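First comes the structure, then the notes that go with it.
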Amino acid sequence: MMLKSVLHHSTTIHSLRCHFNTIPHRQMTTGTQSIVSRLKSSGLLQTKGLIGGKWTDAYDGRTIEVNNPASGEVIASVACMGEKETKDAISSAYEAFAHWSKLTGSERSNRLRSWYNLLMQHKEELGELITLEQGKPLKEAIGEVGYGASFLEFFAEEAKRVYGDIIPSTLPDRRVFVLKQPVGVVAAITPWNFPLAMITRKVGPALACGCTVVIKPSEFTPLTALAAAELALQSGIPPGVLNVVMGDAPKIGNSLLESTQVRKITFTGSTAVGKKLMAGAADTVKKVSLELGGNAPCIVFDDADLEVALKGTLATKFRNSGQTCVCANRILVQEGIYEKFTSAFSNAVKDLKVGNGFSEGVVQGPLINEAAVQKVESFVQDAISKGANVLAGGKRHSLGFTFYEPTIIGDVKNDMLIARQEVFGPVAPIIRFKTEEEAIQIANDTNAGLAAYFFTNSIKRSWRVSEALEYGIVGVNEGLVSTEVAPFGGYKQSGLGREGSKYGLDEYTEIKYICMGNLG
Ligand code: SIN
């Protein structure tokens, strides 16, 4: 299964460098330099891959530049790995599995707990690293560290609770047992929008039940993954249990898919790539978990509390500058509250401070790259050309680069591009509706089914609408729904499986039925 031109459309290889980002490159300013030197001296700025517990350069010496999306500064050059390094990482994980899977749940729990403690001890530095390579405001980045670490704490606790079953037998001289065993080597392919949390949400449960992993972080944000791996080593997680390879995404992806030693692929990212991975995993019949794109409706009913609806909608739309799979993508507002809501929402959005994530008071950082801005621009233009109105923002920010103004567009129709696909940027399209039935019909009229939100003061409506929405996650009078204790995942083409919570552990186990006979 060739993933070429799917994992990274813009990949071109020039001599010893791999280039991925489309931001004009710049040298570091003194401010950035001092953050980078602090991170270097703390040992958290790693630039090599991790294979079998050893920091390793690409075998052919190639590197990729990592940019600060807020400025285009080159922060570091990291190893640009491919097939050979991936095969070695898989072998290391395979060898380490023999030992790691035999430890007791409590021994694995202790290592995960130490890793959690180290992440929390280094939360400011890790937050700085996230802001440097991903762009989100520092406070939000430090918040991601807490969120990411919470999966390790939760699964450290769950490591001791991978329970099996005893089933009453149909015959008197037989006993029927069910064991849960680790699936084996796991390939975790993770995105740039949450450079830490999407790793820990996969690796936490995998390690807890005895699997070993090969992580392939996004080429845009490998530094956080490498820093987390450094802390995993420090926490006593044995060599080979956790490996990191990054660089040539198609080559790495194909090697992971082709290997018979890799028994599970877990991926967070676009639906298009998820489908390719699912098809590619068929050859070796791997277990697959996919957390793919959403097209989240956020419904504001006439009977909603305006303040609660405003706060919740702002939070779900503008978190991470609109770059999450659970960000509201379509805001459906009932006609009785339409004018009041859109005017208050537009005012609130005009107050959102945009800028470099390190600057005081900034709540909206840059988008990840130029391609992301162009996508947002084309969606907005399409909506305007079909009759929608810009109520706030609507263009690139005067800061330049990849900054885009927080935007609200009114009179959007559900057949416009912006309502059909994920905009993945700070743009809130508003659709007017009349009845609850109409809102549910519009909300469900999509192939996606990850998160949905609605605001109402009616208890009856809360149950009715929650049950009618074809979504894996529903926020009622709440815009921020992500937590380590609840199952995260989607219906329809938004994915397969669930992450986080007690359900997240099942994704990494095989069920073994043992029939013991002749006991009479
Ligand atoms: C995602 O965007 O894929 C994850 C968002 C979250 O965990 O809240």
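Quantities reported herein were computed from a predicted structural model and do not represent experimental measurements. Order of listing sets the numbers, starting from 1, for every ligand and every atom in it.
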Where ligand 1 meets [X] - atom numbers and elements under 4.0 angstrom, heavy-atom basis:
X      : value
Thr268 : 3 (O)
Met198 : 4 (C), 7 (O)
Cys325 : 1 (C), 2 (O), 3 (O)
Thr324 : 2 (O)
Asn193 : 1 (C), 2 (O)

Check your understanding: At what distance, to the nearest 0.5 angstrom, does CG of Leu399 lie from OG of Ser359?
Key -> 9.0 Å
Review point. Between NZ of Lys311 and CD of Glu307, what distance do you get to the nearest 0.5 Å?
Key: 10.0 Å
Check your understanding: Hey, looking at atom 6 (C) of ligand 1, which of Gly495, Ser482, Pro191 has the closest heavy atom?
Key ->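 The option holding the nearest heavy atom is Ser482.
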Closest approach of any protein heavy atom to [atom], naming residue and atom:
atom                   : result
atom 7 (O) of ligand 1 : Tyr147 OH, 2.7 Å
atom 3 (O) of ligand 1 : Glu291 OE1, 3.0 Å
atom 5 (C) of ligand 1 : Phe194 CE1, 3.6 Å

Check your understanding: Looking at Phe301, is Arg461 sitting on its ring face, NZ or CZ under 6.0 Å from the six-membered ring centre and within 45 degrees of the normal?
Key -> yes
Exercise for review: Tell me whether the guanidinium CZ or amine NZ of Lys202 lies under 6.0 angstrom from the six-membered ring centre of Phe151 and within 45° of its axis.
Suggested key: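 No, Lys202 and Phe151 do not form such a contact.
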Review point. Touching ligand 1 at all, Arg201? Heavy atoms, strictly under 4.0 Å?
Key: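 Judged by the 4.0 Å heavy-atom criterion, Arg201 does count as contacting ligand 1.
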Review point. Just one of Arg498, Lys264, Glu499 clears the side-chain hydrogen bond (donor to acceptor under 3.5 Å, both in side chains) bar with Ser289, so which one?
Key: Lys264
Exercise for review: Kindly check if the number of other-residue, nucleotide or ligand heavy atoms within 6.0 Å of NZ (Lys492) is above 12?
Suggested key: yes
**Study point:** Side chain, backbone, both or neither: the part of Gln323 lying under 4.0 Å from ligand 1 by heavy atom
**Key:** neither
Practice item. Check each heavy atom of Arg319 against ligand 1 and say whether those closer than 4.0 Å belong to the side chain, the backbone, both or neither. Key: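 Answer for Arg319: side chain.
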Check your understanding: For the side chain to side chain contact (heavy atoms under 4.5 Å, CB included) test, which of Val333, Leu306, Leu314 pairs with Phe345?
Key ->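 So the option named by the test is Leu314.
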Review point. Can you find a side-chain donor-acceptor pair between Thr221 and Gln134 that sits under 3.5 Å?
Key: no
